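Everything quoted here is computed from the prediction, not taken from an experiment.
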2 protein chains.
Amino acid sequence: MPLEKTKKQVILEAAATLFRDRGYSATSMRDLAEAVDLKASSLYNHISGKEEMLKTICFQNAYRFHEELNRIETELLSTAEKIEQLVRFHIIMATEEVTSITSFNDEWRHLTEPDLSRFKELRKDYENRFKAIIESGIKDGTFKDIDPTILLHTILSSIRWVYNWYRTGRPITPTELAKEITTIVLSGINR
Amino acid sequence: MPLEKTKKQVILEAAATLFRDRGYSATSMRDLAEAVDLKASSLYNHISGKEEMLKTICFQNAYRFHEELNRIETELLSTAEKIEQLVRFHIIMATEEVTSITSFNDEWRHLTEPDLSRFKELRKDYENRFKAIIESGIKDGTFKDIDPTILLHTILSSIRWVYNWYRTGRPITPTELAKEITTIVLSGINR
DNA sequence: CCTACCGATCGGTAGG
DNA sequence: CCTACCGATCGGTAGG
């Protein structure tokens, strides 16, 4: 195991940063080459192309979310605890993987087939299983009887801005932030 | 006043649709020309360039949000009612201006200076005034004592997914949707 | 509103 | 890891 990052990892991280800042389409291979102090053609000794990098970033993150969901589904937790742990994981990802999460969130649509469909299926699967947890919470009386799809998307998107926030470097830990957002979503802002 | 849309309006709407579906950078003037049944060069008889269209879309929407905020600020309403009306307006915009709202939300970063800074200032101003309403709600005991910036972004981003939802054509009116989301944000999902 | 065309830049390859 | 270069496509203009 190498102690230092491989050149490929360095390139992938620089790509994620550029994709976040300018978007996938507006990032050129020459921009990326300059960011890692190479000529554009030399990039291809480490990566096989622009879209392959996007693909790696998108699917790596998708798999991490699925792994965590697998874990939470099999644990003996109340529905409220499951939601809380999912929210916390989303926030940890948003704060620790700031750059690649943005590509994961916003740039996946530039994937081409068949990867695009594969990615959408993974996402749909994740959402359906998240929604199933919400539905069981409604059934057992933990949550209010609100359309589970509305609930799902409201929860998921209320977390999406976090990566944006964290770049400003406010002095709050991910765990604290997770607690505040979970409170808002679960108990609302009304006193 | 013309009863029919001007060609310029038709082009702008087609541009907003393409910017939403593929992103600003990945949309070519030839794509746009094809969408409105023209040759690329003919577009320039109606618009002055690609970025001018993005600029129009972004600032038109920014002004509409500011106008509504102006109205709500001067009305005699409780803080909870102000938040509720703001949320409803966001949702109405997301459902009635589906295409241009996405460009407004996601594609503004492709503006160049000085428009980019001007747009960011407008946005910052809107957020600060929204936050001031939240802060007065915390001060007068209407809302819980949660960091107002966290509250602001959680509210704003919990609405951002709506345009995405509405494309699927679910049988729910904007007003109903606004009520559900306001309930979640104000009272939480816990029974 | 079109044909014809501009220089610039794109992702990527050949060959060393 | 570089120089040199490829065909394709970009936003936009000239001229009618």
Side-chain angles (χ1 to χ4, degrees), chain A residues 2 4-59 103 106-116 119, chain B residues 2 4-59 103 106-116 119:
Chain A
E4 290 171 23
K5 286 173 187 165
T6 64
K7 195 88 188 181
K8 180 168 182 171
Q9 281 175 311
V10 172
I11 291 171
L12 275 174
E13 280 170 32
T17 304
L18 286 167
F19 293 168
R20 176 196 65 187
D21 292 339
R22 315 181 187 181
Y24 175 77
S25 298
T27 300
S28 77
M29 295 304 274
R30 281 146 180 97
D31 294 334
L32 176 58
E34 202 182 341
V36 295
D37 246 332
L38 287 176
K39 296 292 173 184
S41 58
S42 303
L43 292 171
Y44 294 87
N45 291 307
H46 302 97
I47 50 102
S48 70
K50 191 184 178 186
E51 192 179 331
E52 183 234 23
M53 294 189 292
L54 179 64
K55 187 176 155 182
T56 304
I57 292 165
C58 289
F59 282 95
S103 296
D106 298 328
E107 306 300 327
W108 57 265
R109 61 178 165 159
H110 295 109
L111 292 169
T112 54
E113 297 297 355
D115 296 317
L116 181 61
F119 183 85
Chain B
E4 291 171 23
K5 288 173 188 165
T6 65
K7 196 87 189 179
K8 180 168 183 171
Q9 281 175 311
V10 172
I11 291 171
L12 274 174
E13 280 171 32
T17 305
L18 287 167
F19 293 168
R20 176 197 66 187
D21 292 339
R22 313 179 188 182
Y24 175 76
S25 298
T27 299
S28 77
M29 296 303 274
R30 281 146 179 96
D31 294 334
L32 176 58
E34 203 181 339
V36 294
D37 247 330
L38 287 176
K39 296 292 173 184
S41 58
S42 304
L43 292 171
Y44 294 87
N45 292 307
H46 302 97
I47 49 101
S48 70
K50 192 183 177 185
E51 191 178 333
E52 183 235 24
M53 294 189 292
L54 179 64
K55 186 177 157 181
T56 303
I57 292 165
C58 289
F59 283 94
S103 297
D106 297 328
E107 306 301 326
W108 57 265
R109 60 179 165 158
H110 295 108
L111 291 169
T112 54
E113 298 295 355
D115 296 317
L116 181 60
F119 183 84

Exercise. Using 30° and 60° as the class limits, which term best fits the ring planes of Tyr24(A) and His110(A): parallel, tilted or perpendicular?
Worked result: parallel

For this session: Describe, in one word, how the ring planes of Phe59(B) and Phe119(B) are oriented to each other, choosing from parallel (under 30°), tilted (30 to 60°) and perpendicular (over 60°).
Result: perpendicular

Problem set entry | Asn45(B) CG to dT3(C) C1', straight-line distance once rounded to whole Å | 14 Å

Exercise. Does dA8(D) have a Watson-Crick or wobble partner in any strand here, with both distances under 3.5 angstrom, and which is it?
Worked result: dT9(C)

Exercise. Nucleotide by nucleotide, 5' to 3', does protein get under 4.0 Å of the base (B), only the sugar-phosphate (S), or neither (-) in nucleotides 7-12 of chain C, counting heavy atoms?
Worked result: ---SBB

For this session: With Glu52(A) as reference, evaluate Ile57(A), Ile47(A), Asp115(A) under the side chain to side chain contact (heavy atoms under 4.5 Å, CB included) test and give the passing residue.
Result: Ile47(A)

Exercise. If we call it a pair only when both distances are under 3.5 Å in a Watson-Crick or G-U wobble match, what pairs with dG15(C)?
Worked result: dC2(D)

Problem set entry | Between Ser42(B) and Asn45(B), a side-chain donor and acceptor under 3.5 Å | no

Exercise. Do the side chains of Met53(A) and Ile11(A) get nearer than 4.5 Å, heavy atoms only?
Worked result: yes

Exercise. Rounded to the nearest Å, what distance is computed from the NE2 atom of residue His46(A) to the C1' atom of nucleotide dC1(D)?
Worked result: 8 Å

Exercise. Does Lys50(B) NZ have over 12 foreign heavy atoms under 6.0 Å away?
Worked result: yes

Exercise. Checking all strands, does Leu38(B) fall into the base, sugar-phosphate, or nothing category for heavy-atom contacts under 4.0 angstrom?
Worked result: sugar-phosphate

Seminar exercise, completed: Separation of dC1(C) atom P from Leu32(B) atom CG, nearest Å, is 13 Å

